[in-house]
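Report on the structure given below.
In each ligand, atom 1 is the first atom listed, and ligand 1 is the first ligand listed. The first residue in the sequence is number 1, and the count goes up from there.
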Amino acid sequence: MEVGFLGLGIMGKAMATNLLRHGYRVTVWNRTLAKCQELVALGATVGETPAAVVAKCRYTIAMLSDPGAALSVVFDKDGVLEQIGDGKGYIDMSTVDAATSSKIDEAVKQKGGAFVEAPVSGSKKPAEDGQLVILAAGDKTLYDEMVPAFDVLGKKSFFLGEIGNGAKMKLVVNMIMGSMMNSLSEGLSLADKSGLSPQTLLDVLDLGAIANPMFKLKGPAMLQGSYNPAFPLKHQQKDMRLALALGDENAVSMPVSAAANEAFKKARSLGLGDLDFSAVYEVVKDASGSGQA
Ligand SMILES: NC(=O)C1=CN([C@@H]2O[C@H](COP(=O)(O)OP(=O)(O)OC[C@H]3O[C@@H](n4cnc5c(N)ncnc54)[C@H](OP(=O)(O)O)[C@@H]3O)[C@@H](O)[C@H]2O)C=CC1
Ligand SMILES: O=CC(=O)O
């Protein structure tokens with residue numbers, strides 16, 4: 001099967017690599033074209049523009065940073081819309097809001113193509129290991145055709161019905177994750193400030209009812225001040241912002257998430273946006289007046 005892949009950031013690179021390893025023929029495009037070379041070394045071919053990739057491939061997957069990028073790759077000159085049409089499918093796996101997905105869906109359908117939104121839960125390592133959780137919605141026929149590829153990329157796919165449901169599910173999940181990261185940061189700060197060992201706190205957490213892979217993976221690195229980006233903080237803040245907008249639309253009060261969003265915003269303003277989202281700890285530590293963690 002030949003697939004196109006647009007966007008070779010942290011996630012896209014790992015996902016396209018997995019497809020190549022599983023025997024897919026993959027044509028890649030990235031805004032910064034030089035990033036395609038690593039994939040070429042693994043057997044990919046390069047399309048010069050999103051339109052060129054769609055012209056060549058029956059199915060094209062996108063994994064882009066945010067709503068602006070997702071829209072630009074579809075609607076701008078040399079974009080997806082120029083070549084999408086009958087018999088072609090477009091699958092956007094970026095984390096965006098439902099309105100962005102709907103705009104893309106309508107435009108692709110108007111041209112005779114099919115569209116599935118399929119954001120993913122799981123970060124760099126699950127992407128490398130083909131262990132993502134895929135939250136798909138939209139055209140069911142295209143979804144069914146993509147299941148073999150989704151099975152390479154992930155450990156489980158959910159089909160959630162109409163367009164927008166995948167985007168909304170992803171935003172709810174990441175809203176919870178962002179709040180949990182803030183809560184962990186406050187806990188580590190409080191432990192430190194009150195004379196406890198933050199590492200012992202992590203050990204205690206790991207044995208109890210709120211043990212989870214995120215605390216286990218990120219906690220020790222946070223104590224080292226090590227924030228090599230798996231999930232960039234700027235993307236987590238984008239997800240908090242979009243989730244809060246969804247809460248606004250539905251008149252759902254979310255004070256915990258709103259406070260977490262402020263901490264991520266503050267971290268961005270301090271230039272931490274390209275670090276891992278766990279770098280929000282630096283902001284929480286400062287706000288609590290905590291010393292060394
Ligand atoms: N990292 C993670 O753990 C996870 C991320 N996600 C989501 O997946 C998506 C990708 O994340 P990730 O790979 O980490 O992000 P990166 O920041 O590593 O990569 C972003 C990609 O988007 C491209 N891009 C950005 N702006 C534009 C634009 N205006 N036009 C065209 N291309 C653009 C970048 O191109 P260029 O190389 O030229 O900058 C790059 O290919 C995001 O929506 C994120 O929220 C979902 C689950 C986990
Ligand atoms: O969107 C990020 C993730 O870890 O999932």
Side-chain angles (χ1 to χ4, degrees), residues 4-18 28-39 46-51 53 60-80 91-98 100-101 104 117-136 153-156 158 166-167 169-181 212-218 227-243 264 268 273-280:
F5 208 104
L6 311 177
L8 302 174
I10 292 171
M11 296 296 283
K13 179 180 148 191
M15 293 159 76
T17 299
N18 260 345
V28 296
W29 172 87
N30 193 65
R31 178 180 63 174
T32 309
L33 268 178
K35 287 194 193 167
C36 295
Q37 287 316 310
E38 256 188 271
L39 276 291
V46 179
E48 290 293 316
T49 62
V53 174
T60 299
I61 296 172
M63 192 54 164
L64 302 158
S65 53
D66 54 22
L71 291 169
S72 154
V73 162
V74 171
F75 289 96
D76 286 0
K77 184 170 176 314
D78 296 326
V80 168
I91 304 97
D92 192 348
M93 304 188 79
S94 324
T95 305
V96 298
D97 56 319
T100 298
S101 250
I104 295 172
E117 61 177 6
V120 301
S121 191
S123 194
K124 184 180 177 197
K125 180 83 168 62
E128 286 168 353
D129 296 345
Q131 293 292 304
L132 297 168
V133 178
I134 294 164
L135 306 170
L153 298 173
K155 61 181 173 187
K156 170 88 182 163
F158 291 85
M169 181 65 85
K170 174 62 185 163
L171 292 178
V172 174
V173 170
N174 273 31
M175 180 194 84
I176 296 169
M177 186 170 82
S179 297
M180 283 173 64
M181 180 51 80
N212 68 75
M214 183 178 87
F215 288 3
K216 197 177 172 69
L217 181 73
K218 304 284 183 187
Y227 305 112
N228 197 23
F231 181 37
L233 187 143
K234 64 186 174 191
H235 295 331
Q236 172 68 80
Q237 197 270 314
K238 170 254 307 177
D239 296 350
M240 296 305 286
R241 172 168 51 81
L242 297 177
F264 286 118
R268 270 186 60 199
D274 289 326
L275 298 182
D276 191 71
F277 77 119
S278 50
V280 76

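Considering only non-hydrogen protein atoms, atom 31 (C) of ligand 1 sits nearest to V73 CG2, 3.6 Å. The closest protein non-hydrogen atom to atom 7 (C) of ligand 1 is T95 OG1, 3.5 Å. Of all protein heavy atoms, the one closest to atom 18 (O) of ligand 1 is I10 N, 2.9 Å. Closest to atom 25 (C) of ligand 1, if we only count protein heavy atoms, is S65 OG, 3.0 Å. Residue, atom and distance of the protein heavy atom nearest to atom 45 (O) of ligand 1 are K238 NZ, 2.7 Å. Looking at atom 29 (N) of ligand 1, its nearest protein heavy atom turns out to be R31 NH1, 3.5 Å.
Note on ligand 1: P119 sits outside its first shell, no heavy atom being nearer than 4.0 Å. The closest approach between any non-hydrogen atom of P232 and ligand 1 is below 4.0 Å.
On a distance-only criterion, G122 and ligand 2 share at least one N/O pair closer than 3.5 Å. Looking at D239 next to ligand 2, no N or O pair under 3.5 Å apart turns up. For ligand 1, one of its N or O atoms has an N or O atom of S123 under 3.5 Å away. Inclusion of T95 in the set of residues having an N or O under 3.5 Å from an N or O of ligand 2 is not warranted. For K35, a nitrogen or oxygen atom sits less than 3.5 Å from a nitrogen or oxygen atom of ligand 1, counting backbone and side chain alike. In terms of polar-atom proximity, L64 is counted as a contact of ligand 1, with an N or O under 3.5 Å from an N or O of the ligand.
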